[in-house]
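What follows is a single structure, written as structure tokens, with notes after it.
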Amino acid sequence: MCGIVGYLGDEQAYPILIKGLHRLEYRGYDSAGVALITGRKDLAVYKSKGKVAALEAACEDKDTTGTLGIAHTRWATHGEPNASNAHPHYSESRNLALVHNGIIENYKSLRAELEKNGMTFQSETDTEVLVQLIEYMMGTHKCDLYNAVQLALKNVIGAYAIAILEKSHPDQLICARKASPLVIGVGKSKSGRTEFYVGSDATPIIGYTNQVVYLNDEEVAYMDRSGKMEIANLNNVKVTPQMVTLQMNLDELEKGGYAHFMLKEIWEQPNALRNCIRGRLNIEQKDVNLSGVIDNKERFLNCRRIIICACGTSWHSALIGKYFIEEACHIPVEVEYASEFRYRNPVIYKDDIVIAVSQSGETADTLAAIQLAKDNGAFVYGICNVIGSSIARATDSGTYLHVGPEIGVASTKAFTGQVITLSLLGLAIAKERKTLTKEMYELLIEELCNIPEKMEWTLANNKDIDQFARQFTYCRNFLYLGRGYNYPLALEGALKLKEISYIHAEGYPAAEMKHGPIALVDHEMPVVVIAPKRGMYEKVVSNIQEIKSRNGKIISVVTADDTVVRGMSDYCFTIPDTRDCFVPLLAAIPLQLLSYYVAIARGLNVDQPRNLAKSVTVE
Ligand code: F6R
């Protein structure tokens, strides 16, 4: 949901900002813009509709010199995606330029108030209201920009991460945040002087410095060319910046020879999951150790219920986690859409554990759900991928996925990373609560260790999906069916297809099909059935029979030695045998590849599907 970049230092800012925008393009890509204090000490703003490449083209004949600038890539919330609604926005006097990620909820009343005081507006955005409000505060309170930002933000309801330039103070950069992420990188220029980088996350900063400060809610940061950095809250009370060392490296951010990030991330899964289990799962001793559970043992021993809050793909992995934790730990688990949970007065007990699952760690609804849980006294546990993200910092304890940065908008390795992390969590809780026999505990651990290798087998043995996927280019609908642990995977398979190929798809529990969706089945309807030789295999075989007798096209995911379902299918993806609870980890791969290659065959940009953004920081 919008990406922000900023730079203040000795280098030319424009190339750094553009590179940063490209890295943040996964957050939104309907328009982009840049503001620079140019060599002539002008405050220049350039913007254009479309992706960052369009902005670069628009800037070719412009003055892009200067060593201080801010930039933005947008995912529209207020006003259509066009150049005038793109950021940065000038204030009326053109003394200020501001970029913003988030939503100002009371922008209409603020705008009306400012208009009453004679201010005029160029765009329909909430962001322009913000920059105008700041300028208004500077005028009425006769204060500097740093104080005016604090005063203005006190009047704002909503979410913001902002960066601002001031023409009359061309050596300072100011930023602030509330409920939208913002990171400040602190580096050294070639001449040894301090330089500053700003990003919606650390990706635009990697490669320049590994020293960062994460701004907290309602904090405003001031940086200048002398190397001074000061942070204060909205009451101008100074806060000591906490410097953190980033662990991510540049290689992790590149496509590494793959056509798309999504494809790279699909193929990375075996190693990503090895990293996820490393240090947590001890194969020699057949044991699981999660510090988040060990450090909070009493909580996990005494809890009577777990509630998992998540959105989208993370909600699907949470559902798989529910099945596993209920089976392994005998604790009731409820899975909630964070967006529903936060607004429906749910019953939350003090001995509940609320788990937030989020790749980005920035999803606004999930953040709000955990705040509600905390307000009601529950213990909140985070399962996030992005280190230092808002959810990771807002939770009482948690476990990182450690699957590396996920750049493709459609989640792949984070999904399997979440499933494996929830399994580790289930095993760690079962160990404390002694709800599994030693034999079963060790069997599950052994099998979990085999998963990365079995994923490699799956990738190597489903290489012709690209050829096969082409025949679905013109399909309008798909059904995905699965039972037990594979029902959430059916939902995930359908979501993957929808989001990147724009083909309508539904996931269903296989047995539910005859309660309605079967009416849709005809010779034009491809039905993807996850049918491993485990669990309710015979029942799934009967479901396939029901579809076949209505001429539906069967695409199945089967165990390698299967002959029955293979014989009934129009096409088969094969996976190695594994325990029921781990089938989704393997079966996810062909479903991810199917959606990828269908989208490619339709000529679509899989890494940047229309209307989507990687990090949903607005509700
Ligand atoms: C789908 C996808 C989204 C996210 C959802 C939650 O491929 O990526 O559905 O899963 O927006 O995002 P996180 O996990 O960052 O909270």
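Atoms within a ligand are numbered from 1 in the order they appear, just like the ligands themselves. Being a predicted model, the structure only gives us computed values, none of them experimental.
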Review point. His87 vs His72 aromatic rings, parallel, tilted or perpendicular, using cut-offs 30° and 60°?
Key: parallel
Point to revise | Salt bridge present between Arg305 and Glu334 (N-O < 4.0 angstrom) | key: yes
Point to revise | Nearest candidate to atom 15 (O) of ligand 1, where distance is taken over non-hydrogen atoms, out of Ser389, Ser360, Gly361 | key: Ser360
Exercise for review: Within a distance under 4.0 Å of any heavy atom of Lys496, pick out the atoms of ligand 1 and give their elements.
Suggested key: 1 (C), 7 (O)
**Study point:** For Ser411, atoms of ligand 1 separated by under 4.0 Å from a heavy atom
**Key:** 7 (O), 8 (O)
Check your understanding: Do the charged groups of Asp217 and Arg177 touch, with an N to O distance under 4.0 Å?
Key -> yes
**Study point:** Heavy-atom gap Val409 to ligand 1 smaller than 4.0 Å
**Key:** yes
Review point. Which of the atoms of ligand 1 are close to Ser358, meaning less than 4.0 Å from one of its heavy atoms?
Key: 13 (P), 14 (O), 15 (O), 16 (O)
Practice item. Using a strict cut-off of 4.0 Å, indicate which atoms of ligand 1 neighbour a heavy atom of Glu499. Key: 1 (C), 7 (O)
Check your understanding: Is it true that the side chains of Glu268 and Tyr258 contain a donor and an acceptor less than 3.5 Å apart?
Key -> no
Check your understanding: For ligand 1, is Glu362 a contact, meaning one of its heavy atoms is under 4.0 Å away?
Key -> no
Point to revise | Closest candidate by heavy atom, reference atom 6 (C) of ligand 1, pool Pro609, Ala338, Cys311 | key: Cys311
Check your understanding: What do the steps show when you test Tyr160 against Asp126 for side-chain hydrogen bond (donor to acceptor under 3.5 Å, both in side chains), and what is the final call?
Key -> CA-CA 11 Å; Tyr160 52 79; Asp126 53 341; over 6 Å; no
Check your understanding: What atoms of ligand 1 come closer than 4.0 angstrom to any heavy atom of Gly312?
Key -> 9 (O), 10 (O)
Check your understanding: Going by the atom numbers of ligand 1, which of them fall below 4.0 Å from some non-hydrogen atom of Ala410?
Key -> 7 (O)
Point to revise | Val156 backbone acceptor or donor facing Lys178 side chain under 3.5 Å | key: no
Exercise for review: Applying side-chain contact (heavy atoms from CB on, under 4.5 Å), name anything that partners Lys498, two or more places apart in sequence or on another chain.
Suggested key: Ala505
